[in-house]
Protein chains: 2
Amino acid sequence: MTNRAFYENLDAIDPLNSLRNEFYLPPDTIYLDGNSLGVMPLAAHIRIKNAVLQEWADDLIASWNKADWINLPMRVGNKIAPLIGAGQDETVVCDSTSVNLYKVLYSAIQIARKRHPKRRKIVSEKTNFPTDLYIAQSLCAQFDMTLELVESEAIESAIDDELAVLLLTHVNYRSGAIHDMAQITSLAQARDALVIWDLCHSAGSIPVDLTAAQADFAVGCTYKFLNGGPGSPAFVWVHPHHVDAITQPLTGWMGHATPFTFDTQYQPATGIRSYLGGTPPVLALSALDGSLEVFQKAESFGGMQAIYKKAQTLTSLFIQLAEKECADYGLTLVSPRDPERRASQVSLSHPEGAYAIIQALIARGVVGDYREPGILRFGFTPLYVRYIDVWDTVMHLKSVLQDQTWRSDAFSARRTVT
Amino acid sequence: MTNRAFYENLDAIDPLNSLRNEFYLPPDTIYLDGNSLGVMPLAAHIRIKNAVLQEWADDLIASWNKADWINLPMRVGNKIAPLIGAGQDETVVCDSTSVNLYKVLYSAIQIARKRHPKRRKIVSEKTNFPTDLYIAQSLCAQFDMTLELVESEAIESAIDDELAVLLLTHVNYRSGAIHDMAQITSLAQARDALVIWDLCHSAGSIPVDLTAAQADFAVGCTYKFLNGGPGSPAFVWVHPHHVDAITQPLTGWMGHATPFTFDTQYQPATGIRSYLGGTPPVLALSALDGSLEVFQKAESFGGMQAIYKKAQTLTSLFIQLAEKECADYGLTLVSPRDPERRASQVSLSHPEGAYAIIQALIARGVVGDYREPGILRFGFTPLYVRYIDVWDTVMHLKSVLQDQTWRSDAFSARRTVT
């Protein structure tokens with residue numbers, strides 16, 4: 001593993017490597033930021049072009065029937081279902097992750113209070129993605145609940161007879177660490193609490209099985225590992241035994257049992273369709289519809305199991321090579337060393353230079369990103385990242401560290417968005 | 001006005017007619033459904049193509065800075081502002097109308113309860129667009145408020161000292177009737193109540209002046225008269241004296257004061273930016289950004305005043321000609337006869353054939369739509385509908401009625417979506 005040829009050979013024998021042709025990849029770039037925004041699948045481009053020029057421009061309002069816009073949120077949901085272990089017609093795509101989280105946490109709180117009116121505790125992780133905590137804070141204020149934020153290691157001990165709802169992100173956005181969904185869900189349910197899983201960093205990245213874990217609720221975004229395009233709408237899943245128990249609060253016309261009768265009284269649709277609200281962004285949803293085709297093609301190469309297996313190899317090789325080549329430059333591994341506990345990202349920390357090192361790498365065409373505090377994130381999306389990208393990235397990283405190019409003012413000046 | 005040449009001449013002398021070239025119009029079609037889904041502006045196509053191929057595909061995550069995605073919801077909001085009489089940085093574009101209505105009605109209820117803790121009454125119109133009523137029902141259940149639905153004529157008498165919030169759609173989706181925003185707002189505020197205006201059928205259709213009316217809150221969609229594309233995100237406006245009074249409940253990361261510090265505690269941004277939640281659909285928002293350019297071009301032709309003036313002429317001519325040519329076929333005018341009370345749509349009713357007549361017209365390339373109960377809707381969007389379209393539409397309508405072609409089974413069979 002100490003020369004480029006070793007990595008070239010791994011690519012040559014990798015069956016998933018052919019799927020790289022399904023994507024447009026910007027020239028002279030090693031893109032390791034698919035955990036923030038996935039690259040464009042060619043099918044997404046074709047699909048959105050058709051949605052714009054045929055469905056909107058030519059067919060206009062007739063597309064509600066002709067292009068089946070009315071069922072698009074459910075159809076796209078059913079394409080995501082196999083990636084998250086959901087059954088048919090249990091997933092719908094609409095709104096943002098934040099909005100969908102509001103719906104499911106609202107529902108979870110109502111169910112929890114019916115079961116145990118005195119329980120007030122919602123538990124989440126201190127290092128959960130902030131938007132999840134913000135939504136939880138809003139609903140806690142509304143329903144007089146208490147949000148308890150704990151460290152990752154303390155989650156299990158926070159599961160007690162006071163717990164109403166446990167809200168966790170399956171894969172940590174900073175470290176890439178994976179929670180044991182089945183085990184934690186089971187522990188929480190043993191105390192009669194409800195569990196919500198945020199799958200933003202797991203859907204399309206690692207195998208997920210909501211049905212096997214008997215999870216209660218899940219949400220997730222589609223613009224990271226699902227490559228749906230910037231701000232593509234999010235998905236929401238509710239276990240069938242909860243889905244009709246509570247009317248979620250964002251009761252828009254698309255979630256009505258009979259949306260075209262224009263009743264004055266809201267009557268929720270049965271099943272996950274009731275988690276729809278207003279008119280979804282059809283063009284964005286169409287791009288996502290196209291993007292998901294690559295996962296259907298990946299089925300014949302072993303699907304999510306094969307994708308994740310390659311991610312583990314890519315990240316393991318990256319860690320080994322970086323630790324060998326870049327020793328003595330102050331980098332520390334933030335991600336779990338055990339590949340079974342790590343999703344498809346490697347996070348490193350650097351005491352003073354993390355932000356500037358990332359900028360220096362970007363200037364060389366190696367795109368990772370920076371996250372507070374002091375973390376360099378590298379996402380390895382096996383559908384389009386190659387083994388030679390591991391080698392080349394480490395060589396660039398070594399060069400930036402060795403030459404101390406990152407100490408240039410050009411790389412340390414903060415931009416608005418990092 | 002009894003021959004086609006009269007209408008051809010009106011087009012020839014109409015300065016707005018040149019703006020028709022800014023749109024793609026499907027061949028052999030008279031499109032009178034811009035009040036449901038506007039046609040595609042050419043600039044929208046160019047803008048979304050650039051967002052897909054340059055901003056997403058090539059620049060990827062760098063577009064948050066380079067293409068200023070982070071400020072796109074505010075920039076697009078500022079393009080809508082002059083069309084609704086909003087000040088700079090008072091409008092933001094994100095989420096759906098239903099979701100935005102939830103935010104503002106939630107805020108309005110909190111403000112109302114601080115002012116008058118015992119007031120429980122929210123008033124809306126029986127014929128308001130159903131999604132508005134559904135959202136109101138949801139929040140009424142949450143906050144122990146009562147939704148009172150009244151007929152249009154009874155709105156003023158429902159404004160009393162029990163009223164907490166008045167929620168009205170400015171232009172009725174079925175009839176096209178316009179409420180007097182300034183007068184009703186003033187009456188409600190005289191009783192210390194708050195007023196929310198839904199501008200779905202007014203923004204881009206008739207002049208709106210939220211500032212002059214001193215309205216409290218407004219929301220509206222962008223895919224009708226603003227031609228943003230199917231399901232393009234909605235706008236939300238909050239009067240500056242309310243905007244920082246309440247934290248709206250959908251507290252996503254984009255509405256945080258410092259979204260990139262990843263604080264665990266939500267701290268709302270100041271101003272309307274706090275009404276942002278999750279990541280908005282950038283591709284859909286980009287299409288809308290392009291679509292709005294035509295309104296900037298329309299400024300040199302007299303802007304919204306000139307657009308609405310033409311709409312009044314188009315709809316008045318349509319009513320006169322239809323009543324003359326199609327008398328004795330059972331059509332009744334549903335829209336106000338007074339052009340000052342009518343937006344840019346004409347609704348007719350037919351006791352038995354409304355649905356089938358619309359289908360027969362669509363088969364002839366004249367696209368209006370059907371709404372329960374028994375209403376034919378014809379939207380006249382002055383930016384791309386011509387005077388000769390009025391003549392041709394009436395001639396087609398007359399022919400369908402005279403020959404009774406609408407009685408064919410092919411036209412009466414209901415599709416899923418109407």
Side-chain angles (χ1 to χ4, degrees), chain A residues 24 26 31 33 36-37 39-40 45 48 52 56-58 60-61 63-65 69-70 95-99 102 126 130-131 133-135 137-138 142 149 229-233 249-253 256 260-264 266 277-284 287 367 369 372 415-418, chain B residues 24 26 31 33 36-37 39-40 45 48 52 56-58 60-61 63-65 69-70 95-99 102 126 130-131 133-135 137-138 142 149 229-233 249-253 256 260-264 266 277-284 287 367 369 372 415-418:
Chain A
Y24 171 83
Y31 191 69
D33 213 359
S36 183
L37 174 65
V39 305
M40 187 187 74
H45 178 216
I48 198 168
V52 171
W56 176 18
D58 257 317
L60 284 157
I61 204 71
S63 290
W64 280 100
N65 289 297
W69 283 349
I70 191 73
D95 299 318
S96 65
T97 307
S98 305
V99 168
Y102 185 89
K126 261 187 195 138
T131 214
L133 304 181
Y134 303 160
I135 292 291
Q137 284 156 15
S138 172
Q142 267 182 71
L149 298 183
S232 56
L250 299 167
T251 49
W253 74 280
H256 194 278
F260 286 94
T261 53
F262 295 85
D263 289 344
T264 52
Y266 184 73
T279 309
V282 171
L283 301 181
V367 182
D369 66 19
E372 293 288 353
R415 296 168 305 172
T416 320
V417 183
T418 52
Chain B
Y24 171 82
Y31 191 69
D33 213 359
S36 183
L37 175 64
V39 304
M40 188 188 75
H45 178 215
I48 197 168
V52 171
W56 177 17
D58 257 316
L60 283 158
I61 204 71
S63 289
W64 281 100
N65 289 298
W69 284 348
I70 191 74
D95 299 319
S96 64
T97 307
S98 306
V99 169
Y102 185 89
K126 262 188 192 135
T131 216
L133 304 181
Y134 303 160
I135 293 291
Q137 284 156 15
S138 172
Q142 268 182 71
L149 299 183
S232 55
L250 299 168
T251 49
W253 74 280
H256 195 278
F260 286 94
T261 53
F262 295 86
D263 288 345
T264 52
Y266 185 72
T279 309
V282 171
L283 302 181
V367 182
D369 65 19
E372 294 286 354
R415 296 170 304 173
T416 320
V417 183
T418 54

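All of these numbers come straight from a predicted model, not from anything done at the bench.
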Between B:Pro233, B:Pro280, B:Gly277, the one whose heavy-atom pairs under 4.5 Å with chain A are most numerous
B:Pro280

Between A:Val39 and B:Trp56, is any pair of side-chain heavy atoms under 4.5 Å apart?
no

Among B:Thr279, B:Leu60, B:Thr131, B:Leu37, single out the residue with the greatest number of heavy-atom pairs under 4.5 Å to chain A.
B:Leu60

What distance do A:Met40 atom CE and A:Tyr24 atom OH have between them, rounded to the nearest 0.5 Å?
7.5 Å

Residue part contacting chain B, namely of A:Ile48, when any heavy atom lies under 4.5 Å
side chain

What residue, out of B:Val367, B:Ile135, B:Thr97, has the most heavy-atom pairs lying under 4.5 Å from chain A?
B:Ile135

Report yes or no: does A:Tyr102 contribute a side-chain atom to a donor-acceptor pair with the main-chain N or O of B:Pro249 at less than 3.5 Å?
no

Below 6.0 angstrom between ring centroids: does that apply to B:Phe262 and B:Trp253?
no

Taking C-beta and beyond as the side chain, do B:Pro230 and A:Trp69 meet within less than 4.5 Å on heavy atoms?
yes

Say you draw a straight line from OG of A:Ser36 to OH of A:Tyr31; how long is it, rounded to the nearest 0.5 Å?
6.0 Å

Structural part of A:Thr264 lying under 4.5 Å from a heavy atom of chain B:
both

Name the option with the most non-hydrogen atom pairs under 4.5 Å to chain A; the candidates are B:Val282, B:Leu250, B:Thr251, B:Asp33.
B:Thr251

Below 4.5 Å from any heavy atom of chain B, which atoms of A:Asp95 appear? Answer side chain, backbone, both or neither.
side chain

Chain A interface, residue from B:Asp58, B:Leu133, B:Leu283, B:Thr261 that has the most non-hydrogen pairs under 4.5 Å:
B:Asp58

Pair count under 4.5 Å, heavy atoms only, with chain A: among B:Ser63, B:Pro281, B:Ser96, B:Ala287, highest is B:Pro281

In terms of heavy-atom pairs under 4.5 Å with chain B, which of A:Ala284, A:Ser98, A:Ser232 leads?
A:Ser98

Quick check against the 3.5 Å criterion: does B:Tyr134 have a side-chain atom that pairs as donor or acceptor with the backbone of A:His256?
no

